[in-house]
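The figures that follow rest on heavy atoms only: side chains count, while hydrogens, waters and symmetry mates do not. Below, read A as the first sequence line, B as the second, and so on, with proteins coming before strands; counting in each chain starts at 1.
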Amino acid sequence: KAGVTQTPRYLIKTRGQQVTLSCSPISGHRSVSWYQQTPGQGLQFLFEYFSETQRNKGNFPGRFSGRQFSNSRSEMNVSTLELGDSALYLCASSLSGGEEREQFFGPGTRLTVL
Amino acid sequence: AQSVAQPEDQVNVAEGNPLTVKCTYSVSGNPYLFWYVQYPNRGLQFLLKYITGDNLVKGSYGFEAEFNKSQTSFHLKKPSALVSDSALYFCAVRQSGGYQKVTFGIGTKLQVIP
């Protein structure tokens, strides 16, 4: 099976712009989570989707939003970009919504905000 | 609220020696515990998890971890380190019940010295 794919892999944007990141989970996986990874902060949870419903949301401002489509693909959007949004954004999928399930991560999208 | 602590930013160990990467957690109820590894310029890969049952969990690449409820710890161990084990290791916890989010530690960099 193909792994989790994320597009694009790299993005350079300027402050004030908006960006949309895409994630395709492993075939058959219905749960998708998003994380922001920065040095010294580890992985910060953004949101979790299961069957097109947002099940959990992290402590990020409303500029960060996401959605999941009926084929389980997910997108996250960041509006009005700030310098501090520069990070590696990771998407992870799991087979079902079970809490005990391990997650499978994509390679990430490296976002640089200038 | 749940939390994870990885007290060491970096662990150095000589090749062939045993290694330990420490993790302690805090949750209100029963925990699901996970270890992930991130190699340079790669996404996170699942290593092992504790759900219930035997406190000693065995995972990929010869790694194991011991769940200690009284000390709220879940240290990652390997009997004999390889240079190829050098990577960033993340501990994660998810409180069982209620579909809580997954909380990750900030990561520990493992350096295996030839």
Output the option from A:E102, A:R110, A:Q103 having the highest count of non-hydrogen pairs under 4.5 Å with chain B. A:E102

For residues A:R101 and B:K49, report the shortest heavy-atom separation together with the two atoms involved.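 Heavy atoms of A:R101 and B:K49 come nearest at CA-NZ, 4.2 Å.
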
Should [X] and [Y] be counted in the same cluster of Ile, Leu, Val, Met, Phe, Trp and Tyr side chains packed under 4.5 Å apart?
X      : Y     : answer
B:Y50  : B:F63 : yes
A:V78  : A:W34 : yes
B:V102 : B:V27 : no
A:V32  : A:F60 : yes
B:L76  : B:F67 : yes

Evaluate whether atom [atom1] of [X] has more than 12 neighbouring non-hydrogen atoms of other residues, nucleotides or ligands under 6.0 angstrom away.
X     : atom1 : result
A:K13 : NZ    : yes
A:N71 : CG    : yes
B:R42 : CZ    : no
A:R63 : CZ    : yes

Please look at [X] and chain B and tell me whether the side chain, the backbone, both or neither of the residue comes under 4.5 angstrom of a heavy atom of that chain.
X     : value
A:L90 : side chain
A:Y35 : side chain
A:Q6  : neither
A:Q41 : backbone

Is [X] in contact with chain A via its backbone, its side chain, both, or neither, using a 4.5 Å heavy-atom distance?
X      : value
B:Q6   : neither
B:K101 : both
B:I51  : side chain
B:Q100 : backbone
B:L88  : side chain

Take A:F105 and B:Y36 through the ring pair (Phe, Tyr, Trp, His ring centres under 6.0 Å) test and state the conclusion after the steps. CA-CA 10 Å; A:F105 284 80; B:Y36 291 85; 5.5 Å; yes

Could you walk me through whether A:L43 and B:T103 satisfy the side-chain contact (heavy atoms from CB on, under 4.5 Å) test, starting with their C-alpha distance in whole Å, then the side-chain angles of each, then the deciding distance to 0.1 Å, before giving a yes or no? CA-CA 8 Å; A:L43 274 73; B:T103 299; over 6 Å; no

What do the steps show when you test A:Q37 against B:Q38 for side-chain contact (heavy atoms from CB on, under 4.5 Å), and what is the final call? CA-CA 12 Å; A:Q37 184 179 10; B:Q38 186 176 37; 2.8 Å; yes

Rounded to the nearest 0.5 Å, what separation is found between the CZ atom of A:F104 and the CG atom of B:L44? 12.5 Å

With ring centroids as reference points, do A:F45 and B:F104 lie under 6.0 angstrom apart?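 When the ring centroids of A:F45 and B:F104 are compared, they turn out to be at least 6.0 Å apart.
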
